[in-house]
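Some notes on the structure that comes next.
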Amino acid sequence: MSAKTALIVGASRTLGLALATEYAHRGWNVIGTVRGDRRTGLHDLAEASGGRVTVESLDMTEPEQIAALRERLAERTLDLLFVNAGITRGNIPIGDVPTEMFVEVMVTNALSPMRVVESLRSLVAPAGTIGVMSSRQGSVGFNTRGGQDVYRASKSALNQLMRSYAARHADAAHTLLLMCPGHVRTELGGPDAPLTIDQSIPGVVDTIDRHSGEPGLRYLNYQGQTVPW
């Protein structure tokens with residue numbers, strides 16, 4: 001039986017790199033994307049993988065680069081397309097957020113992942129999985145303390161856009177997942193976050209694999225629990 005193939009968009013470091021590493025260790029073929037031409041941890045992973053991991057260049061905020069990636073992968077079939085994206089520009093009350101900052105976060109965290117999904121969906125096997133990295137902070141129901149206004153709004157927007165996508169493609173058999181990795185110790189999550197990457201990502205992968213072959217959209221955390229919208 002041939003190995004399954006995953007495309008991890010945004011795999012140069014932290015959560016994305018950990019996802020690529022975890023899938024490679026589980027015997028998958030992994031295509032990971034990085035921005036620009038500088039060397040990253042994904043390049044090191046690829047060199048040590050014996051051909052199991054390959055690196056593609058993509059800035060997903062540039063639509064022409066998404067189209068070019070689609071052409072380069074036109075002959076590939078993906079069992080998993082997973083888009084990992086998340087930037088924050090500080091904990092600023094919404095009234096003080098500059099317009100250009102709002103646009104940058106929304107384009108990176110919400111619009112660009114959906115452009116990737118829309119462009120590459122035809123490469124995903126009929127019973128394959130399409131996932132995007134969401135966040136607990138995208139949950140309106142869980143927002144009882146406020147803070148990180150633009151980041152929260154961008155992840156809520158991503159959730160809503162995925163819900164619209166699921167409705168528009170309701171006849172497709174793809175598994176659709178909004179994944180919450182938990183509050184992880186990364187540059188974005190901060191040094192005081194309760195989870196390490198090694199505690200989060202294996203659970204994310206277990207959850208994705210557990211729902212493989214189940215059509216429809218789910219909003220889940222790294223432990224497989226449903227997150228309220």
Side-chain angles (χ1 to χ4, degrees), residues 8-19 33-36 58-66 82-119 130-168 176-197 199-201 204 217-223 225-229:
I8 311 295
V9 174
S12 62
R13 61 192 182 92
T14 60
L15 299 181
L17 177 58
L19 277 170
T33 75
V34 301
R35 286 191 302 168
L58 175 68
D59 181 344
M60 68 176 178
T61 66
E62 301 291 340
E64 65 274 13
Q65 291 195 27
I66 299 174
F82 194 93
V83 187
N84 173 58
I87 63 168
T88 181
R89 290 295 181 254
N91 188 10
I92 304 172
I94 191 62
D96 298 329
V97 173
T99 299
E100 60 272 19
M101 180 186 296
F102 184 87
V103 171
E104 179 193 18
V105 175
M106 284 290 181
V107 168
T108 302
N109 292 2
L111 177 59
S112 296
M114 294 311 303
R115 283 176 168 164
V116 172
V117 169
E118 293 278 14
S119 179
I130 298 173
V132 296
M133 193 69 87
S134 184
S135 170
R136 176 187 169 100
Q137 292 196 61
S139 167
V140 174
F142 272 158
N143 186 5
T144 59
R145 295 188 302 173
Q148 296 290 344
D149 292 355
V150 179
Y151 180 77
R152 285 183 188 273
S154 70
K155 289 301 186 178
S156 293
L158 176 65
N159 294 351
Q160 187 71 273
L161 292 170
M162 272 294 283
R163 196 155 195 172
S164 293
Y165 173 91
R168 191 166 60 253
L176 304 176
L177 297 173
L178 290 157
M179 288 303 310
C180 301
H183 190 187
V184 185
R185 232 167 285 155
T186 63
E187 181 180 341
L188 191 150
D192 298 324
L195 293 174
T196 67
I197 290 175
Q199 290 171 318
S200 166
I201 291 302
V204 170
L217 177 64
R218 293 168 179 81
Y219 185 17
L220 304 170
N221 68 14
Y222 74 103
Q223 296 173 312
Q225 300 163 330
T226 298
V227 181
W229 291 87

Non-hydrogen atoms of [X] and [Y] that approach each other most closely:
{"X": "Ala110", "Y": "Ser154", "value": "CB-O, 3.6 Å"}
{"X": "Ser200", "Y": "Pro181", "value": "OG-O, 2.6 Å"}
{"X": "Gly138", "Y": "Tyr219", "value": "C-OH, 3.5 Å"}
{"X": "Leu217", "Y": "Ala166", "value": "CB-CB, 3.9 Å"}

Report the distance from atom [atom1] of [X] to atom [atom2] of [Y], rounding to the nearest 0.5 Å.
{"X": "Leu15", "Y": "Phe82", "atom1": "CG", "atom2": "CZ", "value": "9.0 Å"}
{"X": "Met162", "Y": "Met114", "atom1": "CE", "atom2": "CE", "value": "5.5 Å"}
{"X": "Arg168", "Y": "Glu118", "atom1": "CZ", "atom2": "CD", "value": "4.5 Å"}
{"X": "Thr88", "Y": "Asp149", "atom1": "OG1", "atom2": "CG", "value": "10.0 Å"}
{"X": "Leu58", "Y": "Ser112", "atom1": "CG", "atom2": "OG", "value": "9.0 Å"}
{"X": "Arg185", "Y": "Ile197", "atom1": "CZ", "atom2": "CD1", "value": "10.0 Å"}

**Prompt:** Applying the side-chain contact (heavy atoms from CB on, under 4.5 Å) test to Arg89, which of Val105, Val97, Val150 qualifies?
**Reply:**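 Of all the options given, the one that passes is Val105.
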Would the distance check show the side chain of [X] and the main-chain N or O of [Y] forming a donor-acceptor pair, the cut-off being under 3.5 Å?
{"X": "Arg152", "Y": "Gly147", "value": "yes"}
{"X": "Ser134", "Y": "Met179", "value": "no"}
{"X": "Asn84", "Y": "Gly10", "value": "yes"}
{"X": "Arg218", "Y": "Leu177", "value": "no"}
{"X": "Asn143", "Y": "Gln137", "value": "no"}
{"X": "Thr61", "Y": "Thr108", "value": "no"}
{"X": "Ser119", "Y": "Arg115", "value": "no"}

Note, [X] side chain near [Y] side chain (heavy atom, < 4.5 Å):
{"X": "Asn109", "Y": "Leu158", "answer": "no"}
{"X": "Asn221", "Y": "Arg136", "answer": "no"}
{"X": "Ser12", "Y": "Arg35", "answer": "no"}

**Asked** Would Val227 and Leu220 count as a side chain to side chain contact (heavy atoms under 4.5 Å, CB included) if you check the C-alpha gap in whole Å, the side-chain angles of each, and the deciding distance to 0.1 Å?
**Response** CA-CA 5 Å; Val227 181; Leu220 304 170; 5.6 Å; no
**Item:** ring-ring contact (aromatic ring centres under 6.0 Å, His included) partners of residues 143-167, not counting sequence neighbours, each pair once
**Value:**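 Of all non-adjacent pairs touching residues 143-167, those that pass ring-ring contact (aromatic ring centres under 6.0 Å, His included) are Tyr165-His169.
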**Item:** Residues, nucleotides or ligands: over 12 heavy atoms within 6.0 Å of Phe102 CZ
**Value:**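 Count not over threshold, so no.
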**Item:** side chain to side chain contact (heavy atoms under 4.5 Å, CB included) evaluation trace for Thr33 with Met60
**Value:** CA-CA 9 Å; Thr33 75; Met60 68 176 178; over 6 Å; no
